[in-house]
Amino acid sequence: MTRLTPDLIENVPDDKIDLDSILVRSTGKSMKALSAEAAGLDEDVDFSKYTAAVIPITSGMGVIGGFSRSVDSILKRLGVDSHVTESTDVLGFSEAISAGVDMVFMADDSMFIAYNVREKKYITNFYGTALGYAVVLKNAADGVDDKDVLVIGAGQVGSRAAIILQDMGASVTITDKIKEKASKLGERIGARVMDDVEGALASHRFVLNAAPAIFPGRLIMDGAVISTPGVPHYFDEEAWAKAKAIIHDPLEIGVATMAACCMAFSIKKEGESR
Ligand code: 2YG
């Protein structure tokens with residue numbers, strides 16, 4: 001799993017890349033609409049009555065400068081009443097729980113979760129990132145039903161994205177520079193496998209790239225739609241000239257989808273009780 005660094009997320013708190021403009025241009029929808037769609041909620045769902053606490057976690061390699069502040073800013077942009085706790089770790093958790101928040105966000109070196117306190121359920125960033133980027137691809141590609149979609153990277157995000165895309169009706173091909181990872185996943189979910197990563201990319205128009213890989217533009221198909229959570233992220237100008245859309249951000253789509261899915265545990269329950 002790729003560990004973020006402060007430079008990769010320094011533009012997140014103030015949304016310097018203006019992600020909504022990129023998303024509206026390439027998918028026709030805002031971050032909020034996409035995260036609501038991912039969570040099976042109405043586009044006009046009101047997240048403002050939900051509260052969240054983001055807890056800095058110092059274990060292992062320690063806190064990442066700007067990480068908690070970035071997560072908090074993403075939640076605020078969704079309309080969630082969010083804050084970063086004064087304290088870190090367990091004291092921070094006790095602070096959040098006694099404040100009576102609906103959701104807790106926290107990440108150590110191995111796992112990043114959104115925990116719904118009321119429903120006692122959580123969403124991982126692996127799932128949120130996989131689902132969020134699959135929904136982005138589906139909208140940017142104007143549907144993936146019966147379309148050939150390449151998933152690059154059979155890791156925590158790629159393997160979940162492959163299953164989600166199959167459930168959306170896509171015909172998924174898996175490729176990974178570690179061939180055994182790709183073939184094991186392909187066997188497990190009944191997806192095609194291509195050992196040659198570059199050949200696979202060069203022969204697919206619809207791509208979800210969940211690998212921290214840099215691909216030269218000569219491999220990108222004309223009109224390609226590339227949904228790419230992979231970090232680090234870089235496409236040369238030939239790739240940008242040929243692709244119809246390349247959608248990436250270091251944290252936002254994954255966190256917004258985690259949050260919407262985490263609140264959906266409560267919202268759908270409210271729906272039941274109505
Ligand atoms: O609280 C903190 O600041 C740190 N304990 C956070 C550590 C996060 C480590 N994980 C990562 O950097 C990424 N796997 C996070 C998710 C990337 C976006 N998909």
Side-chain angles (χ1 to χ4, degrees), residues 1-13 15-17 19 22-23 31 34-35 38-39 52-75 77-78 82-96 101 103-115 122-137 151-162 164 208-213 226-234 246-262:
M1 177 179 75
T2 310
R3 183 179 172 86
L4 290 171
T5 52
D7 60 300
L8 287 174
I9 53 175
E10 63 187 2
N11 293 331
V12 173
D15 189 22
K16 290 255 180 60
I17 66 167
L19 185 64
I22 295 169
L23 290 172
M31 182 68 258
L34 288 162
S35 62
V54 182
I55 308 170
I57 302 296
T58 63
S59 66
M61 294 176 72
V63 301
I64 296 174
F67 180 79
S68 293
R69 198 157 65 89
S70 294
V71 173
D72 180 51
S73 66
I74 294 163
L75 294 173
R77 282 201 283 277
L78 275 184
S82 173
H83 73 283
V84 178
T85 55
E86 287 294 309
S87 309
T88 63
D89 306 301
V90 181
L91 184 56
F93 184 77
S94 67
E95 193 189 301
V101 296
M103 287 188 288
V104 169
F105 286 72
M106 52 188 166
D108 63 14
D109 296 349
S110 320
M111 183 61 87
F112 175 14
I113 63 168
Y115 175 61
Y122 70 89
I123 297 284
T124 67
N125 181 262
F126 298 135
Y127 180 74
T129 302
L131 178 60
Y133 275 89
V135 168
V136 159
L137 180 62
V151 172
I152 306 176
Q156 294 280 14
V157 172
S159 50
R160 288 170 174 80
I164 290 164
L208 191 144
N209 169 44
I226 308 176
S227 177
T228 173
V231 168
H233 167 78
Y234 172 77
I246 298 178
I247 301 123
H248 170 81
D249 81 286
L251 197 52
E252 188 150 6
I253 290 170
V255 168
T257 307
M258 275 169 96
C261 291
C262 190

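In each ligand, atom 1 is the first atom listed, and ligand 1 is the first ligand listed. Along the sequence shown, residues are numbered consecutively beginning with 1.
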Side-chain donor/acceptor of Glu252 to backbone N/O of Leu19, under 3.5 Å:
no
Polar contacts were defined as any N/O atom of the residue lying under 3.5 Å from an N/O atom of the ligand; does this apply to Ile55 and ligand 1?
no
Purely on distance, is any nitrogen or oxygen of Val63 under 3.5 Å from one on ligand 1?
no
Atoms of ligand 1 close to Thr2 [distance to a heavy atom under 4.0 angstrom, numbered from 1]
11 (C), 12 (O), 13 (C), 14 (N)
One finds that the ligand 1 atoms under 4.0 Å from a non-hydrogen atom of Thr129 are 19 (N)
Among Ile123, Ile113, Leu75, which residue satisfies the side chain to side chain contact (heavy atoms under 4.5 Å, CB included) criterion with Phe105?
Leu75
Show the atoms of ligand 1 that are less than 4.0 angstrom away from any heavy atom in Pro250.
18 (C)
Suppose the criterion is salt bridge (charged side-chain N to carboxylate O under 4.0 Å, His left out): which pairs have a residue in residues 53-67, not counting sequence neighbours?
none
Which ligand 1 atoms, with their elements, are less than 4.0 angstrom from a heavy-atom of Gly62?
4 (C), 5 (N)
Is it the case that the side chains of Glu95 and Ser87 hold a donor-acceptor pair, with the cut-off being a distance below 3.5 Å and no angle test?
yes
Check each of Pro229, Ser68, Ala107 against atom 6 (C) of ligand 1 and report the one with the nearest heavy atom.
Ala107
Heavy atom under 4.0 Å from ligand 1: found in Ile64's side chain, backbone, both, or neither?
both
May I ask you to decide if Val231's main-chain N or O and Thr2's side chain share a donor-acceptor pair within less than 3.5 Å?
yes
Show the atoms of ligand 1 that are less than 4.0 angstrom away from any heavy atom in Pro56.
1 (O)
Sequence neighbours excluded, the answer for ring-ring contact (aromatic ring centres under 6.0 Å, His included) partners of His248 is His233
Do Asn209 side-chain atoms and Gly230 backbone N/O form a donor-acceptor pair below 3.5 Å?
no
Option of least heavy-atom distance to atom 16 (C) of ligand 1 (set: Asn125, Thr88, Val255)
Asn125
For Asp108, the atoms of ligand 1 under 4.0 Å from one of its heavy atoms are 7 (C), 8 (C), 9 (C)
By the definition side chain to side chain contact (heavy atoms under 4.5 Å, CB included), identify the one residue from Thr129, Asn125, Leu131 that meets it with Tyr127.
Leu131
With heavy atoms under 4.0 Å as the rule, classify the contact between Val157 and ligand 1 as side chain, backbone, both or neither.
neither
